[in-house]
Protein chains: 2
Amino acid sequence: MANIQQVASLAGVSVATVSRVVNGQITVSPKTRIKVEQAIKELNYEPSMLGRNLRTSESRILLVLIPTISNPFYLEIIRGIEDIAISQDYNILLCQTDTNPERENIYFNLVRKKMADGIISMDPAVNIETLVALSEHHAIIQCSEYTINSGIPFVSIDNEGASYRAVKHLIKLGHEKIALINTDEKYLYARQRQMGYQKALEEHGIPVDQGYIFHAQQIGLEYGQQAMKKILDMDEMPTAVFAVSDLLAIGALKEINSLGLKVPDDIALVGFDKIDFSNMTNPTLTTIAQPMYKMGTLAAKMLINKIKGERVESIILDHELVIRESTSG
Amino acid sequence: MANIQQVASLAGVSVATVSRVVNGQITVSPKTRIKVEQAIKELNYEPSMLGRNLRTSESRILLVLIPTISNPFYLEIIRGIEDIAISQDYNILLCQTDTNPERENIYFNLVRKKMADGIISMDPAVNIETLVALSEHHAIIQCSEYTINSGIPFVSIDNEGASYRAVKHLIKLGHEKIALINTDEKYLYARQRQMGYQKALEEHGIPVDQGYIFHAQQIGLEYGQQAMKKILDMDEMPTAVFAVSDLLAIGALKEINSLGLKVPDDIALVGFDKIDFSNMTNPTLTTIAQPMYKMGTLAAKMLINKIKGERVESIILDHELVIRESTSG
DNA sequence: CATGTAAATGTAATCGATTACATTTACGGG
DNA sequence: CCCGTAAATGTAATCGATTACATTTACATG
């Protein structure tokens with residue numbers, strides 16, 4: 001493993017010249033450029049990023065904080081981030097916090113220790129105080145889950161509006177007893193989606209029954225199942241269920257199916273995110289589509305601009321209601 | 001952002017002493033240790049990994065190569081890798097090649113340029129020549145998909161045996177017309193699983209009909225659907241299907257369901273990997289369980305040992321047949 | 001041919017740590 | 001009080017690049 005010195009001496013030039021060749025600068029004569037390139041080839045030289053990184057004091061690594069990769073919702077976002085990152089010579093460190101503050105802290109430390117140049121946080125459970133404090137000296141963007149007035153730029157969708165549309169769709173189909181499978185209301189998206197749910201009901205003169213609102217501990221198939229188990233145990237069962245995540249909806253669907261009930265005849269079902277599996281279930285799932293790839297690319301661009309020191313504005317993207325079998329015989 | 005110099009001068013000691021305090025070495029008197037710690041706190045000092053990494057010429061980053069994170073099969077493996085990595089102060093760079101040689105090369109370059117200390121490759125489509133060449137100077141482990149006699153240590157399962165058991169299970173249930181949804185035979189696991197399939201058939205005197213063997217271009221829900229579409233178009237439809245991946249099986253199931261056929265009555269179905277969703281389908285999927293988390297932890301441990309320069313032996317782990325509704329009314 | 005200017009190349013400081021080796025300090029025993 | 005040894009601390013080289021600034025070279029012009 002040769003270093004720049006050895007290349008320089010083999011080529012009979014200074015390290016500066018080698019560096020200039022490597023970095024493709026113009027001020028090198030063709031003759032020396034060739035000499036240097038030969039030496040590089042001969043020694044199999046690859047510039048060490050460790051040296052370069054120290055000198056330029058950047059790591060060219062972006063940290064992406066997600067609660068867990070088990071939720072396919074993040075897949076396309078990550079793909080978007082990755083595509084932009086790679087095109088700009090960055091790499092991404094994908095960090096699952098698993099809602100574990102210790103893990104989170106390990107990852108925050110990577111930024112503090114300059115092992116990463118910035119953070120895209122998608123973790124709803126992130127410690128927002130720490131994140132804001134970090135954002136004073138480091139480039140940080142929130143994606144999907146965000147915080148109002150934190151000063152941290154974000155890219156997300158109109159959760160309340162999306163939720164409103166989903167529930168309105170159910171109401172138009174004639175449903176009045178509509179349950180909500182939400183997650184913990186400490187998360188902004190959970191509050192916003194619940195707001196949309198309530199707004200739709202109220203607008204149509206349907207009273208909001210707190211007994212119809214369920215809170216899953218987390219997003220996950222099994223939590224959807226659990227919630228649906230409770231719903232199916234109710235005296236006055238709802239005729240429709242809106243889950244704030246496809247994973248919850250798919251878990252719920254599993255529970256409905258295994259009791260022999262029919263979707264949508266016995267119970268209609270709407271999810272959120274349009275993950276790939278939502279089209280594989282039987283019946284297929286009506287859901288809200290988010291522009292996930294786009295969101296990822298934007299988040300990455302915003303972060304890179306922020307790293308460059310530019311001002312960055314937050315963005316709200318459009319969503320879409322995708323009507324499938326679970327709400328339409 | 002203070003550096004070690006500033007801490008040293010504020011504490012009135014040399015940088016060496018600060019470094020010793022930071023790295024928790026014994027040869028520092030309690031008095032100076034306290035002085036230094038105060039200075040560190042006062043200046044909000046965080047040691048830069050860039051400096052350290054250059055000096056120790058390691059990046060403490062492990063590169064994990066996977067074809068795509070869309071396949072939940074990798075989730076638990078990644079979790080295993082991550083847990084070990086973090087416990088040993090490493091971080092992982094998760095790299096999706098998307099079967100794109102260009103991407104792959106970008107990632108290989110990270111190792112060449114010392115941005116990563118080693119590679120765990122799980123990509124069946126990896127360029128094995130390049131990987132072997134790299135392994136001469138860099139620590140590399142293969143996980144799940146491997147290469148015989150390449151000199152690269154691996155951790156995997158007995159694909160042929162697992163496949164054999166799955167198909168034998170179908171035969172015992174009385175099936176004789178059993179189709180195989182495989183992937184491209186250029187992958188070792190595909191060949192091994194096909195071998196197991198053939199072995200089971202032959203052992204029971206069932207002739208292997210090449211018309212029953214289908215090749216999906218890739219692993220993915222839609223490819224499973226496509227393959228099943230062809231199968232359902234056959235004159236002499238099989239009574240059972242074994243897919244070499246749960247994703248393929250779930251796609252296939254979707255196709256069967258939407259034609260109104262019943263699993264397992266009309267067609268029995270077996271998948272491979274036991275991903276979470278395989279228990280959410282209707283009916284639930286009989287499948288082969290791989291010890292994915294374990295595989296991940298082992299791969300990580302092997303890689304770290306390899307980085308340390310130790311000799312590392314390959315490992316074959318046990319698998320398990322999980323019988324569920326898709327093969328048993 | 002001297003000279004000025006631009007192009008090409010070189011010198012050496014620098015990024016921020018670690019660490020071998022050197023030096024100083026502390027302290028117990030004679 | 002001196003000395004030897006161990007403990008504590010310091011000095012300075014080093015990792016491998018980048019780059020400001022200095023120097024050399026090339027070449028056109030009068």
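A note on names: the letters A, B, ... follow the listed sequences, proteins ahead of strands, and every chain is numbered from 1. In what follows, every heavy atom counts, from backbone to side chain, and hydrogens, waters and symmetry copies are set aside.
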Using a cut-off of strictly less than 4.0 Å between a heavy atom of the residue and any atom of DNA chain C, enumerate the qualifying residues of residues 43-50 of chain B by number. Tyr45(B), Glu46(B), Pro47(B), Ser48(B)
Taking atom types as modelled and ignoring hydrogens, do the side chains of Tyr189(A) and Thr183(A) form a donor-acceptor contact shorter than 3.5 angstrom? yes
Inspect the surroundings of CD in Glu102(B) and state if more than 12 heavy atoms from other residues, nucleotides or ligands are less than 6.0 Å away. no
Can you see if the side chain of Ser29(B) gets near the phosphate of dA7(D) - specifically, an N or O under 4.0 Å from OP1 or OP2? no
When rounded to whole Å, the CG to P distance for the pair Leu54(A) and dT19(D) reads 12 Å
Minimum-distance pair of heavy atoms, taken over all atoms of Ala139(B) and Ile307(B): CB-CG1, 3.6 Å
Check this one for me: any side-chain N or O of Arg52(A) less than 4.0 Å away from OP1 or OP2 of dT18(D)? yes
Is there side-chain contact between Glu82(A) and Arg103(B), with heavy atoms separated by less than 4.5 Å? yes
Of Lys31(B) and Gly51(B), the one whose closest DNA chain C nucleotide lies more 5': Gly51(B)
Residues from residues 2-25 of chain B lying under 4.0 Å of DNA chain D - heavy atoms: Gly12(B), Val13(B), Ser14(B), Val15(B), Ala16(B), Thr17(B), Arg20(B)
Is there side-chain contact between Leu110(B) and Ile119(B), with at least one heavy-atom pair below 4.5 Å? no
Please check if any side-chain donor atom of Asp98(B) sits under 3.5 Å from a side-chain acceptor atom of Thr68(B), or the reverse. no
Can you check the Arg60(A) CZ to dT18(D) C1' distance for me, whole Å? 14 Å
Any non-hydrogen side-chain atom of Gln142(A) less than 4.5 Å from a side-chain atom of Ile128(A)? yes
Under a 3.5 Å threshold, yes or no: a donor from one side chain and an acceptor from the other, between Asp184(B) and Gln217(B)? no
When rounded to whole Å, the CZ to P distance for the pair Arg55(A) and dT18(D) reads 9 Å
